[in-house]
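Here's the structure, in C-alpha cells; my notes come after.
Model, not experiment: these values are computed from the prediction.
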Amino acid sequence: MGYGIKLKVWGDYACFTRPEMKVERVSYDVMTPSAARGILEAIYWKPAIRWVIDRITVVNPILFESIRRNELLGELTQKSIEKAYYGDKNIEIYQSTEDIVQKSSLILKDVCYYIDAHFVLTDKAGLADTEDKHYAIAVRRMKKGQCFHRAYFGCREFPAQFCYVQDDEIPESYYQGKKLDLGYMLWDINYINDNNSIFYRPVMENGVIEIPDKLEGQ
C-alpha cells in the first residue's frame with residue numbers, strides 16, 4: 001500500500017449520475033469512487049501512479065434538489081472533430097439553439113466529503129518515479145490548492161472545493177450511529193480491460209463507506 005492522503009471536498013451542488021437513468025439525470029445518494037478518483041487526478045496525476053480510494057466519509061445530510069438544465073442533443077465524435085480540425089469542410093460541428101433541450105435533473109446540494117486514498121506505482125513508472133517523490137508533489141499541490149483542471153462533482157458545472165487535512169480535523173458525520181445500505185453503485189470504469197463498468201454495493205456505517213480496490217493485481 002502506498003502513501004495515504006486525506007482530502008476534504010465540498011460544494012454547493014453535485015450530480016453523480018446513475019447510468020440506468022437514460023433520459024433525465026438522477027444522482028446517486030453519495031459520491032462514487034470514480035468521482036473521487038477524478039478529483040484526485042485533477043489535482044495530481046502521472047502515468048506512473050494510480051490513485052486508489054480507500055474510504056469516503058459523508059459529513060452533511062443527503063439532500064436532493066430538482067432542477068432543469070439546458071443540454072445539447074446528440075454528441076460530437078472525436079473522429080468528426082479531428083476531420084474538421086484537419087480541414088474537412090463536409091463536417092458540421094456547429095450546434096444551433098435548435099439542438100438545445102431542457103431536461104430535469106435530480107441533484108445533491110450542500111455536499112461535503114472526506115476522501116481517504118493512496119496511490120500505487122504502475123508498470124509505467126521509471127527509476128526516477130519513487131513513492132516519496134510523488135507523495136511530496138501531491139501533498140504540496142493539495143495544500144496550495146493547485147490543480148491541472150478544475151475539480152468537479154460529477155458534472156463540470158458543479159465545481160468542487162478541496163483542501164488537505166489531518167486525521168484529527170474530521171468532524172462527526174451527520175450519519176454517526178447509523179448504518180445505510182446504498183444499493184448497487186458504479187465503482188469505476190475498467191480502462192485496463194475493454195472499458196467495462198464495475199459495480200459494487202456500498203454500505204455506509206457512521207457516515208463512512210469503505211471502498212474495495214477492484215483493480216488490485218491487474
Side-chain angles (χ1 to χ4, degrees), residues 4-22 24-46 49-65 67 69 71 103 105-120 138 141-142 145-165 170 173-175 180-192 195-204 207-216:
I5 61 94
K6 193 178 296 291
L7 193 72
K8 176 185 177 182
V9 293
W10 71 97
D12 295 330
Y13 296 102
C15 185
F16 310 112
T17 307
R18 293 177 177 270
E20 66 268 26
M21 302 298 183
K22 300 297 184 181
E24 313 292 355
R25 292 184 184 271
V26 177
S27 177
Y28 283 115
D29 291 3
V30 299
M31 171 189 282
T32 61
S34 60
R37 174 183 57 79
I39 291 176
L40 291 173
E41 290 182 350
I43 298 169
Y44 181 67
W45 178 84
K46 293 291 181 181
I49 67 172
R50 176 175 71 89
W51 284 106
V52 180
I53 309 302
D54 298 315
R55 68 188 57 84
I56 296 173
T57 302
V58 181
V59 178
N60 292 349
I62 299 170
L63 301 174
F64 285 94
E65 184 171 309
I67 64 172
R69 300 190 300 161
E71 295 191 9
K103 292 185 177 182
S105 297
L106 188 62
I107 65 175
L108 296 166
K109 66 177 183 178
D110 190 23
V111 296
C112 181
Y113 308 103
Y114 282 79
I115 302 171
D116 285 84
H118 69 278
F119 63 84
V120 294
R141 292 178 64 84
M142 290 174 186
Q146 296 175 321
C147 50
F148 295 123
H149 61 82
R150 185 63 183 267
Y152 55 89
F153 286 123
C155 300
R156 291 186 182 274
E157 58 264 47
F158 304 137
Q161 307 292 329
F162 66 87
C163 69
Y164 180 81
V165 296
I170 300 180
S173 169
Y174 174 82
Y175 295 95
L180 298 177
D181 186 335
L182 299 173
Y184 285 101
M185 178 185 292
L186 177 69
W187 180 81
D188 210 327
I189 307 296
N190 187 350
Y191 295 104
I192 299 176
N195 295 345
N196 291 327
S197 298
I198 303 174
F199 292 85
Y200 81 121
R201 187 156 191 166
V203 174
M204 182 169 66
V208 179
I209 305 169
E210 299 289 342
I211 312 295
D213 182 7
K214 291 184 173 292
L215 293 182
E216 187 175 10

Point-to-point distance, once rounded to the nearest 0.5 Å, from CD1 of Ile56 to CE of Met204: 11.0 Å
Check: Val59 and Lys8 side chains under 4.5 Å, non-hydrogen atoms: no
Nearest heavy-atom neighbours spanning Asn60 and Cys112: ND2-CB, 3.5 Å
Separation between CH2 of Trp51 and CD1 of Ile5, rounded to the nearest 0.5 Å: 5.0 Å
Shortest non-hydrogen separation from Arg150 to Ala160 and the atoms involved: NE-O, 3.9 Å
Nearest heavy atoms of Phe16 and Gly154, plus distance in Å: CE2-N, 3.8 Å
Side chain proximity check, Arg25 to Cys155, heavy atoms < 4.5 angstrom: yes
Minimal non-hydrogen separation, Leu186 against Tyr28, with atom names: N-OH, 3.1 Å
Heavy-atom neighbours of Tyr174 OH exceed 12 at 6.0 Å: no
Over 12 foreign heavy atoms within 6.0 Å of NZ, Lys46: no
Check against salt bridge (charged side-chain N to carboxylate O under 4.0 Å, His left out), Glu210 and Arg55: CA-CA 4 Å; Glu210 299 289 342; Arg55 68 188 57 84; 3.3 Å; yes
Euclidean distance, Phe199 CZ relative to Glu20 CD, rounded to 0.5 Å: 7.0 Å
Check against side-chain contact (heavy atoms from CB on, under 4.5 Å), Ile39 and Phe153: CA-CA 8 Å; Ile39 291 176; Phe153 286 123; 3.9 Å; yes
Steps toward side-chain contact (heavy atoms from CB on, under 4.5 Å) verdict (Arg37, Ile211): CA-CA 12 Å; Arg37 174 183 57 79; Ile211 312 295; over 6 Å; no
Within 6.0 Å of OH in Tyr184, more than 12 heavy atoms from elsewhere: no
Rounded distance (nearest 0.5 Å) linking atom CD1 of Ile43 with atom NE2 of His149: 9.5 Å
Considering all heavy atoms, the nearest Lys109-Phe64 contact: CE-O, 4.4 Å
Approximate separation, where rounding is to 0.5 Å, of Tyr113 OH and Asp116 CG: 15.0 Å
Contact check, side chains of Val58 and Asp29, non-hydrogen atoms, under 4.5 Å: no
Min side-chain heavy-atom separation Leu106-Val26 under 4.5 Å: yes
Side-chain touch Arg201/Asp181, heavy atoms, less than 4.5 angstrom: yes
Nearest heavy-atom neighbours spanning Ala138 and Tyr44: CB-CD2, 3.8 Å
Derivation of the side-chain contact (heavy atoms from CB on, under 4.5 Å) call for Met31 and Val9: CA-CA 11 Å; Met31 171 189 282; Val9 293; 3.9 Å; yes
Met142 vs Leu7 side-chain heavy atoms within contact, under 4.5 Å: yes
Any Leu182 side-chain heavy atom under 4.5 Å of Ile209 side chain: yes
CH2-OG1 distance between Trp187 and Thr32, expressed to the nearest 0.5 angstrom: 11.0 Å
Met185 vs Val30 side-chain heavy atoms within contact, under 4.5 Å: yes
